[in-house]
Amino acid sequence: MEGWKRILNRLLFPGKIVTGLSIPVSAVLLLYAFGFAGEKNPVVYLSYLVSAYTLVVVCVQIVGWSRKISALLHRNPYIHRYLTDLPFRMHLSLCLSVGLNLIYAVMKLCLGIFYHSVWFGTFGVYYTLLTIMRVLLARHVNRSAFGKELISEWKRYRLCGAILLPMTLALSGVIVLVIEKHEGFQYPGSLIYVMAMYAFYATITAAVHVVRYRKYRSPVMTAAKVISLSSALVSVLSLETAMIAQFGDSSDESFRLVMVACTGAGVCAIILGMAVCMIVRATKELQRLQGSRMKPENC
């Protein structure tokens with residue numbers, strides 16, 4: 001039994017040299033098998049066998065690699081703080097997102113002016129509003145830590161909800177443009193697959209973070225994640241228009257109208273619902289906090 005364990009361990013952990021060489025060898029064999037070799041060529045079966053073995057070895061060893069990489073990253077004090085200090089990570093994420101949103105908003109607005117496109121202009125307005133909300137949250141974090149000044153945080157939380165309301169109108173304009181004027185996103189080549197992975201990853205991550213970060217009792221932190229979810233939902237909407245334009249049948253116009261209308265209505269409904277919930281919840285919390293402050297004075 002011990003002998004079989006040693007053989008299995010040797011096969012799964014063949015060493016750095018064998019593991020490192022097996023990856024490019026598998027890639028070359030698969031490239032030859034799919035591009036040049038015939039179906040009955042023995043190299044095809046060899047390529048399948050080698051690639052399957054390489055995949056198993058890499059999957060088994062990836063856990064150990066991740067632990068070593070994590071330990072190596074934690075040696076750097078700045079990376080260690082980013083990985084372990086949640087407020088610092090949120091603060092840095094807010095500042096970076098402000099810069100990225102600002103660049104994206106300016107680019108869309110400039111494209112809208114240059115091409116006389118209401119489509120680009122509408123998205124420019126949308127990302128400008130996202131930038132304004134993130135600036136409001138970042139300014140608060142620069143002055144106070146998360147969860148310390150709850151009244152101030154709830155006011156910004158409510159203001160972000162109020163800004164989300166006109167953003168819903170902007171999204172509605174985008175949907176009307178897509179339906180009536182056949183406008184939309186188009187990605188060259190295989191870039192659409194990359195954008196699809198990003199859109200699904202961003203949406204799932206943002207939805208999980210909205211729920212996960214509620215336990216930290218910081219309205220600013222929750223508002224930042226709601227903004228990220230709103231941005232991710234718009235990415236899904238733009239991805240759908242691009243996929244219909246690239247893979248859809250141009251003769252089936254009714255399908256395009258129904259899909260875009262349904263997805264757009266769903267995205268608008270979710271963002272509108274989040275905005276209303278933010279305003280109502282923040283108003284109730286502010287009334288409770290301000291009332292509790294006044295009680296000792298009246299006694």
Side-chain angles (χ1 to χ4, degrees), residues 93-139 156-157 159-189 191-192 194-203 205-206 223-246 256-257 259-276 278-279:
S93 175
L94 266 176
C95 294
L96 290 175
S97 62
V98 167
L100 292 174
N101 269 151
L102 182 60
I103 294 172
Y104 201 68
V106 171
M107 182 184 70
K108 291 292 184 183
L109 290 172
C110 291
L111 288 173
I113 296 172
F114 184 79
Y115 290 108
H116 303 285
S117 172
V118 183
W119 168 263
F120 284 117
T122 305
F123 266 89
V125 172
Y126 179 85
Y127 282 98
T128 299
L129 294 173
L130 279 182
T131 304
I132 292 173
M133 285 193 290
R134 283 183 163 133
V135 167
L136 291 172
L137 299 179
R139 286 187 62 188
R156 280 162 175 75
Y157 185 86
L159 182 58
C160 289
I163 297 175
L164 278 175
L165 292 178
M167 290 177 67
T168 308
L169 297 177
L171 276 179
S172 302
V174 171
I175 297 166
V176 171
L177 283 173
V178 172
I179 294 175
E180 293 187 355
K181 297 187 177 182
H182 305 278
E183 292 198 42
F185 284 108
Q186 290 186 353
Y187 299 107
L191 183 60
I192 190 171
V194 178
M195 298 307 298
M197 288 189 291
Y198 166 76
F200 290 127
Y201 169 79
T203 304
T205 303
K225 296 307 174 184
V226 171
I227 295 170
S228 298
L229 179 58
S230 302
S231 178
L233 290 173
V234 174
S235 299
V236 172
L237 177 61
S238 61
L239 173 66
E240 183 189 57
T241 61
M243 294 188 73
I244 292 176
Q246 185 162 341
R256 186 186 71 86
L257 295 177
M259 289 300 297
V260 174
C262 291
T263 304
V267 170
C268 288
I270 292 172
I271 296 178
L272 181 62
M274 291 191 300
V276 173
M278 290 174 74
I279 295 172

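Computed from heavy atoms alone, side chains included, the values below leave out hydrogens, waters and symmetry copies.
Between the OG1 atom of Thr205 and the CZ atom of Phe200 there is a distance of 13.0 Å, given to the nearest 0.5 Å. Ile132 contributes atom CD1, which lies 12.0 Å from atom CG of Leu137 (distance to the nearest 0.5 angstrom). Atom SG in Cys160 sits 11.5 Å away from atom CG in Leu165 (nearest 0.5 Å). A distance of 11.5 Å separates CG in Leu100 from SG in Cys95, rounded to the nearest 0.5 Å. Separation of atoms CD1 (Ile227) and CD1 (Ile163) is listed at 8.0 Å; rounding is to 0.5 Å. Of the inter-residue distances, the one linking Ser231 atom OG with Met167 atom CE reads 8.0 Å to the nearest 0.5 angstrom.
Taking the side chain to side chain contact (heavy atoms under 4.5 Å, CB included) definition, one finds that Leu229 meets it with Ala206, Ala207, Val210, Leu233, Met274, sequence neighbours left out. Legend: residues meeting side chain to side chain donor-acceptor pair (under 3.5 Å) with Thr128, ordered by chain and number and at least two apart, are absent.
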Candidate pair Ile279 and Leu164, rule side-chain contact (heavy atoms from CB on, under 4.5 Å), full reasoning: CA-CA 10 Å; Ile279 295 172; Leu164 278 175; over 6 Å; no
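Each of Thr131, Leu159, Val98 was checked for a side-chain contact (heavy atoms from CB on, under 4.5 Å) with Leu136, and the lone residue meeting it is Leu159.
The two atoms that bring Thr263 and Leu237 nearest to each other are CG2-CD1, 4.1 Å, heavy atoms only. Here the closest heavy-atom approach between residue Gly161 and residue Ala275 is recorded as O-CB, 3.3 Å.
Using modelled atom types and a 3.5 Å distance limit, the side chains of Arg134 and Ser228 yield a donor-acceptor pair.
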